[in-house]
Amino acid sequence: MHILLVDDHAVVRQGYGALLSMMLPEATIHEAENARQAMTCMTQNDVDVMILDINLEQASGLNLAPRFLSRWPGLKIIFFSMFDEASIVNRAMHTGASGYISKRCRPEIMLDAVKTVMAGRTYIEHELAINLASYAYSEKKDIFDQLTRREFDVFMGVAKGQKRTRIAEDLNISDKTVSNAITQLKSKLQVKTSTELVHLAIDNGFVKVAS
C-alpha cells in the first residue's frame, strides 16, 4: 500500500507519517508539501490513498481533489483538516473524496479511515458525520451551492490571494474565463469587490487566517 500525505506543515507530515509507518508497517508513506510535489509523487508511484489537507499554502485541497481523481479514478482521498464546519465537510465530500477526518482526531482514527476507504467504503469522523447529517436535513441554504465547479475553483483561488494569471494557469483556463467567473461570483454572492470575496471565504471557514 502506498499512502501520500499532502500538507504544507512539515511537523504534521512527518509526525503522522511516522505514526502511519508504525501502525501500517506494510505501507510505504510518501510526503508532499504542495500540489506540485503531490503531482510528481502520483506520477512516480502507484498511490492508493492520499491524505489531503484543505488549506494548503498556495492551493486548496477542494480544488485539487477533483483534478487528482479525474486523472487517477482509483485513488482514495481522505481530507485531513482543521476545518470542521458541516458546510465544508459537505463540499469536500462532493469532490468525490472517500473520507474526512479532523486534525484533532486520535491517531487510530486516521488508521481506521485508511483501512475503511481501502475496503471501498466511505469514512467520516463520527462527530463530523453527525453534524453533516444535521446539516443535510436543515433548511439552511449554502450560498455556495449555486456556484458551478469552475466558479468555486476560481473563488478559492481568489480567497487564497492568487493573481488572475496564476488562477488561470492552475486551472488551465484563459485569463478572460477567470475574469468572467469572478464577475459571476460577485453577482451570485452579492459582493462588489474581490476583497469582499476573500472576507466571505474567511467568514465561511474556507480560509483560516493566522492568529
Side-chain angles (χ1 to χ4, degrees), residues 1-7 12-35 37-56 59-138 142 144-145 148-149 152-153 156 206:
M1 183 193 306
H2 287 256
I3 301 172
L4 171 59
L5 278 164
V6 186
D7 195 295
V12 173
R13 292 196 315 272
Q14 294 167 8
Y16 278 92
L19 283 170
L20 285 172
S21 293
M22 180 177 64
M23 295 185 293
L24 294 170
E26 74 280 9
T28 300
I29 311 300
H30 307 274
E31 297 179 16
E33 66 176 350
N34 53 44
Q37 289 184 9
M39 183 64 72
T40 298
C41 182
M42 289 294 300
T43 57
Q44 294 177 349
N45 301 278
D46 188 16
V47 175
D48 301 291
V49 179
M50 175 185 290
I51 299 173
L52 178 62
D53 190 11
I54 285 180
N55 196 28
L56 298 172
S60 168
L62 295 173
N63 297 126
L64 296 175
R67 293 159 61 184
F68 284 121
L69 291 170
S70 176
R71 184 164 176 180
W72 292 281
L75 176 67
K76 308 295 184 183
I77 292 180
I78 300 171
F79 279 106
F80 179 51
S81 176
M82 68 178 73
F83 299 126
D84 56 10
E85 294 88 347
S87 60
I88 296 180
V89 177
N90 180 62
R91 173 70 64 170
M93 296 308 294
H94 275 86
T95 66
S98 298
Y100 196 112
I101 57 178
S102 74
K103 287 190 174 181
R104 293 188 298 275
C105 74
R106 302 185 308 277
E108 57 266 28
I109 294 295
M110 180 178 286
L111 177 63
D112 287 345
V114 171
K115 290 182 175 180
T116 299
V117 301
M118 283 300 296
R121 301 191 302 274
T122 298
Y123 188 100
I124 301 177
E125 190 177 342
H126 182 66
E127 183 178 345
L128 301 181
I130 293 174
N131 293 338
L132 183 60
S134 298
Y135 174 82
Y137 284 102
S138 73
D142 185 348
F144 299 98
D145 286 345
T148 66
R149 175 177 159 184
F152 186 77
D153 287 346
M156 290 303 298
F206 289 109

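Values below: every heavy atom of this structure, side chains too, minus hydrogens, waters and symmetry copies.
Each of T122, L132, I54, I78 was evaluated against Y100; a single residue qualifies, I54, per the side chain to side chain contact (heavy atoms under 4.5 Å, CB included) test.
Taking both residues in full, the closest heavy atoms of S21 and I29 are given as OG-CG1, 3.3 Å, listed atom of the first, atom of the second, then distance. When all heavy atoms of A65 and F79 are compared, the closest pair comes out as CB-CZ, 3.7 Å. Closest non-hydrogen pair, A86 versus N131, comes out as CB-O, 3.7 Å. Of all non-hydrogen atoms in S60 and M156, the two that sit nearest each other are OG-CE, 3.3 Å. Between F68 and A38, the shortest heavy-atom contact is CZ-CB, 3.8 Å.
By the side-chain contact (heavy atoms from CB on, under 4.5 Å) test, A18 pairs with no residue at all, sequence neighbours left out. Here H126 pairs with nothing under the ring pair (Phe, Tyr, Trp, His ring centres under 6.0 Å) rule; sequence neighbours left out. In this structure, R67 has no side chain to side chain donor-acceptor pair (under 3.5 Å) partners at least two apart in sequence or on a different chain. In this structure F80 satisfies the ring pair (Phe, Tyr, Trp, His ring centres under 6.0 Å) test together with Y16, sequence neighbours excluded.
I3 has its side chain out of reach of H30: every pair of non-hydrogen atoms, C-beta onward, lies at least 4.5 Å apart. F83 places a side-chain heavy atom less than 4.5 Å from the side chain of N55. When side chains are defined from C-beta on, L24 counts as touching K115, because their heavy atoms get closer than 4.5 Å. The closest side-chain heavy-atom distance from L56 to V6 is below 4.5 Å. Between K76 and M50 the shortest side-chain heavy-atom distance does not fall below 4.5 Å. In this structure, the side chains of T95 and N63 stay at 4.5 Å or more apart for every pair of heavy atoms.
To the nearest 0.5 Å, atoms CE (M93) and CD1 (I88) are separated by 14.5 Å. M1 CE to M118 CE: the interatomic distance, rounded to the nearest 0.5 Å, is 4.5 Å. The line from CG of L128 to CG of N90 is 12.5 Å long, rounded to the nearest 0.5 Å. Going from atom OG of S81 over to atom CG of L52 covers 9.0 Å, rounded to the nearest 0.5 Å. The CG atom of L5 sits 5.5 Å away from atom CG of L20, with the distance rounded to the nearest 0.5 Å. The structure places CD1 of I101 at 7.5 Å from OH of Y123, a figure rounded to the nearest 0.5 Å.
With hydrogens and angles ignored, the 3.5 Å screen pairs a side-chain donor or acceptor of E125 with a backbone N or O of S102.
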Counting only pairs under 3.5 Å, give me each side-chain donor-acceptor contact of residues 103-114, with atom names and distances, residues two or more places apart or in other chains.
residue, atom, partner, partner atom, Å
K103, NZ, D7, OD2, 2.7
K103, NZ, D53, OD2, 3.2
R104, NH2, D84, OD2, 2.4
R106, NE, E108, OE2, 2.8

Using atom types as modelled, flag every donor-acceptor pair under 3.5 Å from a side chain in residues 42-49 to any protein atom, sequence neighbours excluded.
residue, atom, partner, partner atom, Å
T43, OG1, M39, O, 3.3
T43, OG1, T40, O, 2.8
N45, ND2, C41, O, 3.1
D48, OD2, H2, N, 2.8

